[in-house]
Trainee: 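Take a look at this one; I'll ask things after.
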Amino acid sequence: MQAAIYSTWRHIFKLDPDRSLTDEALDAICLSGTDGIIVGGSTGVTYDNTVELLSRIRRYEVPCALEVSDEDAVVAGFDHYFIPLVLNTPNAEWMMGRQVQALRKFGAFIPWKETSAQGYLILNSQATAAKLTEASTELSIEDVEAHIYMADRLLHLPVVYLEYSGMFGDIALVGRVRGLLQGAQLFYGGGIDTAEKARQAAEAAHTVVVGNAVYENLEQALQTVEAVRGVEVKLG
Ligand SMILES: CC(C)=CCC/C(C)=C/CC/C(C)=C/CC/C(C)=C/CC/C(C)=C/CC/C(C)=C/CC/C(C)=C/COP(=O)(O)OP(=O)(O)O
Ligand SMILES: O=P(O)(O)OC[C@@H](O)CO
Ligand SMILES: [Mg+2]
């Protein structure tokens, strides 16, 4: 089987359709040398703002994936689709419920080879996604490990996503999780707003995701690309 497009991605910018970016900023992001762009956000993502952002990104060659957070914002034409499942929520709606509901509608049309589930472990209680999904963010190391065994060894999810959106996470824990994984690719995201934080995250995870910094300090966000490129980690 051909490897998924994201399997070699070390650095990703995540762009939120619900936030605005000038053409100059988008130009710099798309030409930055990042491996890929994920379009996604936890709230305010609509069909219209997703189509608009995709059409602007498509002026460039950079690969672009959609992380689907709302069944009403499913847009054709992306290179890949990620379907988040929240592992650490007691509310099954966010683990399986909404996804199954969407599959009733889209199941027959899904490009399966270009579609992957992501097992999200949300570890910042203040993240929008944590509040929305009622995630149980206060996890012991044993709890984290158990979730990782579930995602990687039992469910065989292709991606495990350690999500600290809005804060820089526990990088030692990220490295420990990577060491446990046998099949899944580890995405880390949260609070990367300098080259140094990007470098540390890239030492620990297979793939690092830079989101809010794009909107808050673009110059520093752009520097994360080179920082990640300088760190060797075995992928695949
Ligand atoms: C041809 C064609 C049409 C192809 C496409 C077919 C296709 C692939 C269909 C998809 C069908 C499907 C199964 C859809 C799932 C829909 C769904 C409702 C999933 C639920 C996802 C979920 C658990 C959402 C909860 C929030 C979450 C975890 C979002 C992930 C992204 C995220 C955390 C972004 C960060 O958010 P942000 O807003 O930036 O947060 P901050 O405020 O902290 O910055
Ligand atoms: O926005 P930040 O904090 O960079 O987090 C990136 C990403 O993990 C969000 O889903
Ligand atoms: Mg954000």
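Note that the structure is predicted; figures quoted are calculated from it, not measured. Numbering of ligands and ligand atoms starts at 1, following listing order.
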Trainee: Do the side chain of Asp79 and the main chain of Ala65 share a donor and acceptor less than 3.5 angstrom apart?
Mentor: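 It does not hold such a pair.
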
Trainee: Does Glu67 approach ligand 1 within less than 4.0 angstrom via side chain, backbone, both or neither, non-hydrogen atoms only?
Mentor: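 The side chain, only.
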
Trainee: Can you list the atoms of ligand 1 that are under 4.0 Å from a heavy atom of Ala129?
Mentor: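 That gives atoms 33 (C) of ligand 1.
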
Trainee: Would you confirm whether Gln118, through its side chain, and Tyr120, through its main-chain N or O, come within 3.5 Å as a donor-acceptor pair?
Mentor: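 Judged by distance alone, no pair lies under 3.5 Å.
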
Trainee: In ligand 2, which numbered atoms sit nearer than 4.0 Å to a non-hydrogen atom of Gly191?
Mentor: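 So the atoms of ligand 2 that pass are 2 (P), 3 (O), 4 (O).
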
Trainee: Closest non-hydrogen protein atom to atom 5 (O) of ligand 2, residue and atom name please, with distance?
Mentor: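 It is Gly190 N, 3.4 Å.
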
Trainee: What donor-acceptor contacts under 3.5 angstrom involve side-chain atoms of residues 188-196, with partners at least two apart or in another chain?
Mentor:
unit_1, atom_1, unit_2, atom_2, d
Tyr188, OH, Gly169, N, 2.8
Tyr188, OH, Gly190, O, 2.6
Asp193, OD1, Lys197, NZ, 2.9
Thr194, OG1, Lys197, N, 3.1
Glu196, OE1, Arg199, NE, 3.0
Glu196, OE1, Arg199, NH2, 3.4
Glu196, OE2, Arg199, NH2, 2.7
Glu196, OE2, Gln200, NE2, 3.0

Trainee: Among Glu71, Glu163, Arg19, Arg98, which one has a heavy atom closest to atom 33 (C) of ligand 1?
Mentor: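 The residue whose heavy atom sits nearest atom 33 (C) of ligand 1 is Glu163.
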
Trainee: Quick one: nearest non-hydrogen protein atom to atom 9 (C) of ligand 2, plus distance?
Mentor: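 Going atom by atom, the protein heavy atom closest to atom 9 (C) of ligand 2 ends up being Glu163 OE2, 3.3 Å.
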
Trainee: What atoms of ligand 1 come closer than 4.0 angstrom to any heavy atom of Trp94?
Mentor: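 Near Trp94, the atoms of ligand 1 are 22 (C), 23 (C), 24 (C), 25 (C).
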
Trainee: If two hydrophobic side chains count as joined below 4.5 Å and joins carry through other members, does Tyr60 share a cluster with Ile5?
Mentor: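 Each belongs to a different hydrophobic cluster.
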
Trainee: Looking at Lys105, I'd like to know if its NZ atom is crowded, meaning that more than 12 non-hydrogen atoms belonging to other residues, nucleotides or ligands lie closer than 6.0 Å.
Mentor: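 Correct, the count exceeds 12.
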
Trainee: Need the ligand 1 atom indices (1-based, order shown) with element for anything under 4.0 Å from a heavy-atom of Ser165.
Mentor: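 Ligand 1 atoms under the 4.0 Å threshold to Ser165: 40 (O), 41 (P), 43 (O), 44 (O).
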
Trainee: Which word best sums up how the rings of Phe78 and Tyr81 line up, parallel for under 30°, tilted for 30 to 60°, or perpendicular for over 60°?
Mentor: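 Answer is perpendicular, since the angle exceeds 60°.
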
Trainee: Taking N or O atoms only and a 3.5 Å limit, does Val209 qualify as a polar contact for ligand 2?
Mentor: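 For ligand 2, there is no N or O atom that lies under 3.5 Å from one belonging to Val209.
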
Trainee: Keeping the roles fixed (side chain from Arg176, backbone from Ile141), state whether a donor-acceptor pair exists under 3.5 Å.
Mentor: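 Between the backbone of Ile141 and the side chain of Arg176 there is no qualifying donor-acceptor contact (under 3.5 Å).
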
Trainee: Can you find an N/O atom of Thr133 closer than 3.5 Å to an N/O atom of ligand 1?
Mentor: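 No; the residue has no nitrogen or oxygen that sits under 3.5 Å from a nitrogen or oxygen of the ligand.
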
Trainee: Report the C-alpha separation of Arg98 and Asp70 in whole Å, then their side-chain angles, then the decisive distance to 0.1 Å, and conclude whether the salt bridge (charged side-chain N to carboxylate O under 4.0 Å, His left out) test is met.
Mentor: CA-CA 8 Å; Arg98 290 198 177 213; Asp70 189 322; 5.6 Å; no

Trainee: Among all protein heavy atoms, pick the one closest to atom 3 (C) of ligand 1 and tell me residue, atom and distance.
Mentor: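 Checked against all protein heavy atoms, atom 3 (C) of ligand 1 sits closest to Val74 CG1, 3.9 Å.
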
Trainee: Heavy-atom distances under 4.0 Å are what count here, so tell me which part of Asp16 touches ligand 1: side chain, backbone, both or neither.
Mentor: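 Near ligand 1, Asp16 shows its side chain, while the N, CA, C and O stay back.
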
Trainee: Can you sort out which atoms of ligand 1 are near Gly41, meaning under 4.0 Å from one of its heavy atoms?
Mentor: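 So the answer, numbered in order with elements, is 34 (C), 36 (O), 38 (O).
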
Trainee: For ligand 1, indicate whether the residue Asn212 contacts it via side chain, backbone, both or neither (heavy-atom separation under 4.0 Å).
Mentor: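 The answer is the side chain of Asn212.
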
Trainee: Could you grab the distance from atom OG1 of Thr89 to atom CD1 of Ile122, nearest 0.5 Å is fine?
Mentor: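 Those atoms lie 8.0 Å apart.
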
Trainee: For atom 40 (O) of ligand 1, what is the closest protein heavy atom, and at what distance to 0.1 Å?
Mentor: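 For atom 40 (O) of ligand 1, the nearest protein heavy atom comes out as Ser42 OG, 3.5 Å.
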
Trainee: According to a hydrophobic-cluster definition based on side-chain heavy atoms being under 4.5 Å apart (Ile, Leu, Val, Met, Phe, Trp, Tyr only), do Val209 and Leu123 belong together?
Mentor: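 Each belongs to a different hydrophobic cluster.
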
Trainee: So if I apply the side chain to side chain contact (heavy atoms under 4.5 Å, CB included) rule between Glu203 and each of Val208, Ile171, Val174, Val231, which one comes out positive?
Mentor: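 The side chain to side chain contact (heavy atoms under 4.5 Å, CB included) with Glu203 is passed solely by Val231 among Val208, Ile171, Val174, Val231.
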
Trainee: For atom 1 (O) of ligand 2, what's the nearest protein heavy-atom neighbour? Residue, atom name and distance, please.
Mentor: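 Checked against all protein heavy atoms, atom 1 (O) of ligand 2 sits closest to Asn212 N, 2.8 Å.
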
Trainee: Among all protein heavy atoms, pick the one closest to atom 4 (O) of ligand 2 and tell me residue, atom and distance.
Mentor: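 So the nearest neighbour among protein heavy atoms is Gly211 N, 2.9 Å.
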
Trainee: Is the backbone of Ser42 close enough, under 3.5 Å, to the side chain of Ser69 for a donor and an acceptor to pair up by distance?
Mentor: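 Not confirmed, Ser69 side chain does not pair with Ser42 backbone.
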
Trainee: Count the heavy atoms of every other residue, nucleotide or ligand shown that sit under 6.0 Å from CD of Glu61, and state whether that count exceeds 12.
Mentor: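 No - once you tally the heavy atoms of other residues, nucleotides and ligands closer than 6.0 Å, there are 12 at most.
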
Trainee: Check the surroundings of atom CE in Met150: do more than 12 heavy atoms from other residues, nucleotides or ligands lie under 6.0 Å from it?
Mentor: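 Not more than 12 within 6.0 Å, no.
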
Trainee: Return the closest protein heavy atom for atom 7 (C) of ligand 1 as residue, atom name and distance.
Mentor: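 Minimum-distance protein heavy atom for atom 7 (C) of ligand 1 reads Ile110 CG1, 3.8 Å.
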
Trainee: Of all the atoms in ligand 2, which lie at a distance below 4.0 Å from a heavy atom belonging to Gly166?
Mentor: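 Result: 3 (O).
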
Trainee: What distance do Tyr47 atom OH and Asp72 atom CG have between them, rounded to the nearest 0.5 Å?
Mentor: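 Result: 11.5 Å between the selected atoms.
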
Trainee: Record the part of Phe78 in heavy-atom contact with ligand 1 below 4.0 Å; permitted values are side chain, backbone, both and neither.
Mentor: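 Answer for Phe78: neither.
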
Trainee: Just need the protein heavy atom nearest to atom 15 (C) of ligand 1, so name the residue and atom and give the distance.
Mentor: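 Sorting protein heavy atoms by distance from atom 15 (C) of ligand 1 puts Ala102 CB, 3.8 Å first.
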
Trainee: Does atom CG (Leu31) have a neighbourhood of more than 12 heavy atoms from anything else shown, all under 6.0 Å?
Mentor: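 Counting other residues, nucleotides and ligands, CG of Leu31 exceeds 12 neighbours.
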
Trainee: Compute the centroid of each ring, for Tyr6 and then for Phe82, and state whether the two points are separated by less than 6.0 Å.
Mentor: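 Under 6.0 Å, so yes.
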
Trainee: Give the atom numbers and elements of ligand 1 that come within less than 4.0 Å of a heavy atom of Pro111.
Mentor: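 That gives atoms 4 (C) of ligand 1.
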
Trainee: Do any nitrogen or oxygen atoms of Val210 lie less than 3.5 angstrom from nitrogen or oxygen atoms of ligand 2?
Mentor: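 No; every N/O pair is 3.5 Å or more apart.
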
Trainee: Around atom 42 (O) of ligand 1, find the nearest protein heavy atom and jot down its residue, atom name and distance.
Mentor: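 That would be Thr128 OG1, 2.4 Å.
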
Trainee: Which distance, rounded to the nearest 0.5 Å, do you find between the CD of Glu114 and the CG of Leu66?
Mentor: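 These two atoms lie 13.5 Å from each other.
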
Trainee: Give the residue and atom name of whichever protein heavy atom lies nearest to atom 30 (C) of ligand 1, and the separation in Å to one decimal.
Mentor: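 Nearest protein contact, heavy atoms only, for atom 30 (C) of ligand 1 is Tyr120 OH, 3.6 Å.
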
Trainee: If you measure from atom 8 (O) of ligand 2 to every heavy atom of Phe13, Tyr120, Phe187, Tyr161, which option wins on shortest distance?
Mentor: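 Heavy atom nearest to atom 8 (O) of ligand 2 belongs to Tyr161.
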
Trainee: Within a distance under 4.0 Å of any heavy atom of Gly189, pick out the atoms of ligand 2 and give their elements.
Mentor: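 Near Gly189, the atoms of ligand 2 are 5 (O), 8 (O).
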
Trainee: In terms of residue, atom name and distance, what is the protein heavy atom nearest to atom 19 (C) of ligand 1?
Mentor: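 Checked against all protein heavy atoms, atom 19 (C) of ligand 1 sits closest to Val68 O, 3.7 Å.
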
Trainee: Test your reading of the structure: does Ala213 have an N or O sitting under 3.5 Å from an N or O of ligand 2?
Mentor: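 No, there is no polar N/O contact under 3.5 Å.
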
Trainee: Which protein heavy atom lies closest to atom 20 (C) of ligand 1, and at what distance to 0.1 Å?
Mentor: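 In this structure, atom 20 (C) of ligand 1 has Gln99 NE2, 3.7 Å as its nearest protein heavy atom.
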
Trainee: Just to check, does Gly211 reach to within less than 4.0 Å of ligand 1 when the distance is taken from its heavy atoms?
Mentor: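 No, that is not the case, since the closest heavy atom of the residue is not under 4.0 Å from the ligand.
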
Trainee: Please could you name the atoms of ligand 1 that Tyr81 approaches to less than 4.0 Å, counting only its heavy atoms?
Mentor: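 Per the distance check, 4 (C), 5 (C), 8 (C).
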
Trainee: If I take atom CE from residue Met96 and atom CG from residue Leu103, how far apart are they, to the nearest 0.5 angstrom?
Mentor: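 So the CE of Met96 and the CG of Leu103 are separated by 10.0 Å.
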
Trainee: What are the protein N, O or S atoms, given as residue plus atom name, that sit under 2.8 Å from the Mg ion (ligand 3)?
Mentor: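 Checking every protein N, O and S atom gives Asn212 OD1.
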
Trainee: From atom 10 (C) of ligand 1, work out which of Leu103, Ile83, Val86 has a heavy atom at the shortest distance.
Mentor: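 Nearest heavy atom to atom 10 (C) of ligand 1 lies in Ile83.
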
Trainee: Do any N/O atoms on Lys14 end up under 3.5 angstrom from N/O atoms on ligand 1?
Mentor: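 The answer is no, given that Lys14 and ligand 1 share no N or O pair closer than 3.5 Å.
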
Trainee: Verify, without hydrogens or angle tests, whether His206 (side chain) and Leu186 (backbone) share a donor-acceptor contact under 3.5 angstrom.
Mentor: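 Looks like yes, one N/O pair under 3.5 Å.
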
